[in-house]
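Note that the coordinates shown come from a computational prediction; the quantities given were computed from them, not determined experimentally.
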Amino acid sequence: RERFSGAYELMSNLPGIFFKCWWVNQEKSQWGALYVFDSQEQLNDYLKSDLWVNKVPEKYGCKPEVTILEPGPIICKKMVSAAKDSWLSQ
């Protein structure tokens, strides 16, 4: 949680990102995020950005993988704007 919590402010200031949700599977040592962008062009710009190409791999020690999906309806019951108490656990 601490590893990802510092990104709230950064993500809120990036153009084009409508939604981001982190996920973690500690048993398999896997983690990632689901992003929803306002447009294909903004997604393309993000994937070419210094943040994605250089800073993300430097911070997390691995090259990010991308899978592009076509999302269905997006339903949010609660907007999270701070790291504190934002994680759902089983």
With a 6.0 Å cut-off (strictly less than), is the heavy-atom count around CD of Gln30, excluding the residue itself, greater than 12? yes
Side chain to side chain contact (heavy atoms under 4.5 Å, CB included), paired with Tyr35, selected from Phe18, Tyr46, Phe19: Tyr46
Are the side chains of [Y] and [X] in contact, using a 4.5 Å heavy-atom criterion?
X     : Y     : answer
Pro57 : Pro64 : yes
Lys20 : Leu34 : no
Asp38 : Leu43 : no
Val56 : Leu51 : yes

With a 4.5 Å cut-off on side-chain heavy-atom distances among I, L, V, M, F, W and Y, is there a chain of contacts connecting Val66 to Leu14? yes
Hydrophobic cluster identity match, Leu47 and Leu69, side-chain contacts under 4.5 Å: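 No, because Leu47 and Leu69 fall into different hydrophobic clusters, even though each may have its own neighbours under 4.5 Å.
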Could you go step by step and tell me if Asn44 and Gln40 meet the side-chain hydrogen bond (donor to acceptor under 3.5 Å, both in side chains) rule? CA-CA 6 Å; Asn44 294 341; Gln40 181 70 44; 3.1 Å; yes
Criterion side chain to side chain contact (heavy atoms under 4.5 Å, CB included) on Phe37 and Ile17, from CA distance to verdict: CA-CA 4 Å; Phe37 286 83; Ile17 296 179; 3.4 Å; yes
